[in-house]
Amino acid sequence: MTQEFYPFKDIEAKWRKRWEEMGLFKMQQDSPKKKYYCLMMFPYPSAALHVGHGRNYIIGDSVVRYKIMRGYNVLSPMGFDAFGLPAENAAIKNGIHPEISTLNNIKTMRRQFDSWGAGYDWDREVVSCLPEYYKWTQWIFLQLYKKGLAYKKKASVNWCPSCQTVLANEQVIDGECERCSSQVTLRDLEQWFFKITEYSQRLLDDLQLLENWPERVKLMQKNWIGRSQGVEIDFKVKDSDIILRCFTTRVDTIYGVTYMVISNEHPAIPELIKDAPDKKEIEKFVEETRKENAADRIGADIEKRGVFTGKFVINPVNNKAVPLWIGNYVVIEYGTGAVMAVPAHDQRDFEFAKKYGLGIEVVIDNPKDPLDAEKMKEAYIEEGVMVNSGKFNGIPSLETIEKIADFMEEEKIGKREVHYKLRDWLISRQRYWGAPIPMIYCDKCGIQPVDEKDLPVILPKNIKFKPHGESPLKNAPEFVKVKCPKCGGGARREIDTMDTFVDSSWYFLRYLSPKEDKKPFNKELVNKWLPVDQYIGGVEHAILHLLYSRFIVKVLYDMGYIGFKEPFAKLFTQGMITKNGIKMSKSRENVVSSDGLIEKYGADTVRLYTLFISPPEKDAEWSDRGVEGAWRFLNRVWRLMEDSHQPSAISRQLDEKGSDLKRKTHATIKKVTEDMEGTFHFNTAISAIMELVNETYDYIGLKPEACGPELREAIQTVVILLAPFVPHVAEEMWQKLGNKESVFNAEWPMYDKNALSQNTIEFPIQINGKLRSKIEAPSAAGEDEIKKLVLKDQIVIKWLEGRTPKRIIIVKGKLVNLVV
RNA sequence: GGGCGAGUGGUGGAAUGGCAUACACGAUGGACUUAAAAUCCAUUGGCUGCAAGGUCGUGAGGGUUCGACUCCCUCCUCGCCCACCA
């Protein structure tokens with residue numbers, strides 16, 4: 001024995017240099033090989049990465065290396081999502097310019113990627129905070145503006161008092177800012193929006209194209225888009241010209257309407273109550289509950305309250321007049337802000353009606369237990385049979401939804417309509433560290449877009465960072481002052497910057513021509529390489545980033561800039577790594593740094609453990625003990641290389657033990673290949689390799705002096721199958737086995753079906769479903785032969801106690817069950 | 001409140017209708033060593049038994065089946081996403 005542990009430090013340095021020299025991770029421009037675009041979500045540059053971050057890149061790198069070995073022309077780029085609040089907040093705190101800290105962090109991260117052995121085509125790096133990149137983010141804004149998909153409006157928006165900025169709905173979690181957890185309040189401000197709602201239906205429909213996305217993610221997007229189909233119905237306000245339109249998905253309950261309730265933000269309120277005797281009180285209610293809307297939006301449970309307007313509305317199906325209320329439980333943004341209330345069949349309406357003594361009218365009866373409006377304790381929301389519904393009485397309620405909708409459309413008193421929960425994407429931020437929105441305000445010409453040839457609108461560097469509710473850019477006169485692109489007169493620039501989700505919704509196009517300065521991306525190249533074959537990232541991006549990217553790609557497709565409708569063909573979302581049961585974070589002081597572990601055990605050990613810890617889509621708890629296990633395993637494999645175990649080259653007949661080892665070798669190839677092609681279950685792939693190593697040792701132990709060529713095959717297979725997971729040590733061992741080329745130029749092994757077959761099979765024997773015995777039978781044996789063998793078995797005879805089995809079930813190649 | 005997912009040894013997990021607990025961690029005992037580390041060997045779900053074995057066992061209860069961790073129904077617990085969406 002030469003050394004106690006394998007010399008990982010030398011090995012890892014050596015092979016990293018070699019891969020660099022051979023350009024292992026460089027995409028080949030004109031290669032006949034099939035393309036494979038493997039993309040990891042580009043990270044926000046943060047100072048210290050931990051093993052939880054590492055998981056993403058280790059998974060991705062293993063896939064990349066596997067695909068290289070399978071003979072693909074692989075594109076594996078990396079970049080940085082470099083704009084954003086944390087760098088700016090840090091600048092406010094310690095005075096270091098965001099650009100400096102960000103670029104520093106990028107350097108550190110590149111070193112850490114390298115230390116994990118994660119390989120990228122670094123010539124293609126994109127950094128979203130650099131003008132050569134954000135120039136084209138601004139260009140994308142202008143394209144959306146041109147198409148009428150970027151617009152400005154005054155809106156009641158989520159405001160984070162701590163970050164001093166507006167947040168998108170998606171960035172408000174339980175009423176708190178997703179970044180700093182401050183309570184979010186509401187403010188009315190002029191904001192830029194992207195009209196993503198124009199794409200609601202297509203974003204929903206095209207989910208069907210994404211066969212290789214996790215169902216869970218597709219479902220989350222579907223729910224977020226929130227399509228609901230229903231009917232819009234106009235209710236006339238009695239003794240007035242006002243018409244209130246409401247939306248319902250339960251038009252079958254229309255005859256059960258006993259009142260109508262509108263949002264406290266409904267625009268018709270002033271007109272409706274102008275002559276009301278208790279106008280003051282109504283106004284007071286409206287004002288009070290409007291304030292609560294902010295609290296409501298943050299998820300607090302607010303008691304349902306309402307006030308009678310003094311007006312009545314006419315139900316168009318039966319001309320009944322029902323009272324009109326203003327309520328705090330109607331959301332102005334959804335539907336029409338007015339709801340027809342059916343207390344008998346909607347729980348919210350039921351509670352409200354009980355509280356204010358409003359009528360309850362049953363129109364869908366429970367066939368098993370007829371309802372009595374007086375005695376109901378809660379709304380009846382199941383299906384049933386129509387009652388009190390004019391000509392629809394007696395029909396099952398499910399059928400009447402369509403029938404009543406038809407009837408209302410014929411009578412022109414209602415119209416089928418579709419509503420979505422998806423809101424337009426608010427993209428302006430009152431912050432410095434982002435791409436400036438390329439718009440100009442001229443007193444004469446109004447809002448003007450910056451001319452495309454004047455891009456980029458450079459973010460000035462000399463700036464004061466104190467936040468005060470407006471973009472810090474306001475205090476940079478040399479930035480703000482500009483000439484109007486239309487009339488040439490004095491004008492001022494937009495001082496808001498863009499949401500960083502805009503930066504990240506197109507970066508995957510930029511990797512194909514990162515240095516191109518005439519256009520954002522090369523149409524021919526992106527059409528060749530996109531959609532991305534495999535996208536890998538955290539499930540926390542299941543809604544925002546993935547939805548926005550899909551939207552931008554569809555817009556670019558519609559404008560003819562690209563030829564594909566969806567950016568990511570296949571998506572893999574990996575789970576979190578936890579420590580003490582919770583997500584690793586600096587503030588919780590449970591971070592496991594990868595640097596120390598790599599110093600102690602080397603990158604391959606950290607990689608192996610990370611992949612072995614659990615199925616990669618699941619969350620997993622980090623264990624330092626487990627790392628040691630991975631370390632021991634690699635050393636155990638390393639020792640297989642020792643001279644004393646080198647097999648003799650003399651070829652001879654395969655004996656039984658030798659063919660067992662050969663079978664295991666080929667079964668392992670099969671298993672690992674299937675895991676890599678299917679589920680990415682690296683944990684079971686690695687277990688299978690461990691089993692092969694164990695069997696190889698058993699084989700050597702049995703006949704150390706007479707090992708056949710199947711030993712060499714086994715060892716060579718172990719090394720090549722391990723290569724995607726533990727690339728450095730695999731390379732070194734590959735070389736030690738006498739191979740001249742890199743293991744990544746070697747062909748991935750194919751399993752031999754013949755090697756998997758065996759002469760005899762062991763059949764477990766169950767009696768009444770319980771395992772009682774086992775027999776050996778020739779694998780070619782027919783049912784009769786197996787039956788005979790089973791009935792001769794001593795243990796079977798003992799259990800049968802002289803009885804004859806009623807049935808004998810033989811599952812081919814698997815087991816035998818006797819029913820007594 | 002709605003939707004989705006999960007629940008298996010002391011621990012991470014394996015098995016998706018056919019031998020439950022592969023593989024690994026941990027633990028216990030042993031070999032080697034002056035000693036330790038490393039390595040190697042053995043044992044390791046519960047109960048019962050000297051043993052062979054028996055018996056129970058995949059959150060709980062029921063069902064389908066020759067056979068259920070796996071499929072169906074009811075319930076419990078945890079996690080994630082959405083949430084006054086009409």
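Sequence lines set the chain letters: A, B, ... in the order given, protein chains first and strands last, and positions in each chain run from 1. Values below: every heavy atom of this structure, side chains too, minus hydrogens, waters and symmetry copies.
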NZ/NE/NH1/NH2 to OD/OE distance under 4.0 Å, [X] and [Y]:
X	Y	answer
A:Lys415	A:Glu232	no
A:Glu333	A:Arg423	no
A:Lys355	A:Glu303	yes

Round to a whole Å and report the spacing from [atom1] of [X] to [atom2] of [N].
X	N	atom1	atom2	value
A:Met576	B:rG5	CE	C1'	14 Å
A:Gln574	B:rC80	CD	P	17 Å
A:Lys355	B:rC84	NZ	C1'	13 Å
A:Arg625	B:rG26	CZ	P	6 Å
A:Ile543	B:rG3	CD1	C1'	12 Å

Could you tell me the Watson-Crick or G-U partner of [N], where both distances fall under 3.5 Å? Say none if there is no partner.
N	value
B:rA14	none
B:rA52	none
B:rG1	B:rC82
B:rA42	B:rU28
B:rA37	none
B:rA68	none
B:rU77	B:rA6

* **Options B:rG18, B:rA14, B:rC84, nucleotide nearest the side-chain atoms of A:Pro615** =>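 Among the listed nucleotides, the one closest to the side chain of A:Pro615 is B:rA14.
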
* Of the nucleotides B:rU55, B:rA86, B:rG3, which one has an atom closest to the side chain of A:Asn223? ->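 Per side-chain heavy atoms of A:Asn223, the pick is B:rG3.
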
* To do: Check the pair A:Phe633, A:Trp638 against ring-ring contact (aromatic ring centres under 6.0 Å, His included), reporting the backbone distance first and the verdict last.
  => CA-CA 9 Å; A:Phe633 171 73; A:Trp638 179 259; over 10 Å; no

* Counting heavy atoms not belonging to A:Arg216, are there more than 12 under 6.0 Å from its CZ? ->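 Not buried by this count: 12 neighbours or fewer within 6.0 Å.
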
* Asked: For A:Lys304 and A:Asp619, take the nucleotide of RNA chain B holding the closest heavy atom to each; which residue's nucleotide lies nearer the 5' end?
  ->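 Upstream on the strand: A:Asp619.
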
* To do: Name the residue closer to the 5' end of RNA chain B, choosing between A:Met340 and A:Lys814 according to the nucleotide with the nearest heavy atom.
  =>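 That would be A:Lys814.
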
Under 4.0 angstrom, heavy atoms only, what part of the nucleic acid is [X] near: base, sugar-phosphate, or nothing?
X	result
A:Ser623	nothing
A:Glu621	nothing
A:Val811	base
A:Asn817	base
A:Gly335	nothing

Determine the Euclidean distance between corresponding [atom1] atoms of [M] and [N]; express it in Å to zero decimal places.
N	M	atom1	result
B:rA24	B:rC32	P	25 Å
B:rG59	B:rG54	P	25 Å
B:rG26	B:rU11	P	15 Å
B:rC40	B:rU33	C1'	13 Å
B:rA6	B:rU70	C1'	14 Å

* Below 4.5 Å, heavy atoms only, C-beta onward: do A:Val729 and A:Val719 meet side chain to side chain? ->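 No, their side chains stay 4.5 Å or more apart.
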
* Asked: Quick one: are A:Thr336 and A:His266 in side-chain contact, heavy atoms under 4.5 Å?
  ->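 Heavy-atom side-chain distance check fails, nothing below 4.5 Å.
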
Any side-chain N or O of [X] below 4.0 angstrom from OP1/OP2 of [N]?
X	N	result
A:Arg636	B:rC40	yes
A:Asn694	B:rA24	yes
A:Tyr329	B:rA86	no
A:Thr684	B:rA22	no
A:Arg632	B:rC40	no
A:Asn683	B:rC23	no
A:Arg772	B:rU55	yes
A:Arg216	B:rG5	no
A:Lys770	B:rC56	yes

* Is a donor-acceptor contact shorter than 3.5 angstrom present between the side chain of A:Lys774 and the base of B:rC19? ->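 Answer yes: a donor N or O sits under 3.5 Å from an acceptor.
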
* Can A:Arg305 be said to sit on top of A:Phe285's aromatic six-ring, NZ or CZ under 6.0 Å from centre and within 45° of the ring axis? ->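 That pair does not qualify as a cation-pi contact.
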
* To do: State the syn/anti category of B:rG9 according to its glycosidic angle, syn meaning within 90° of 0.
  =>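 It is syn.
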
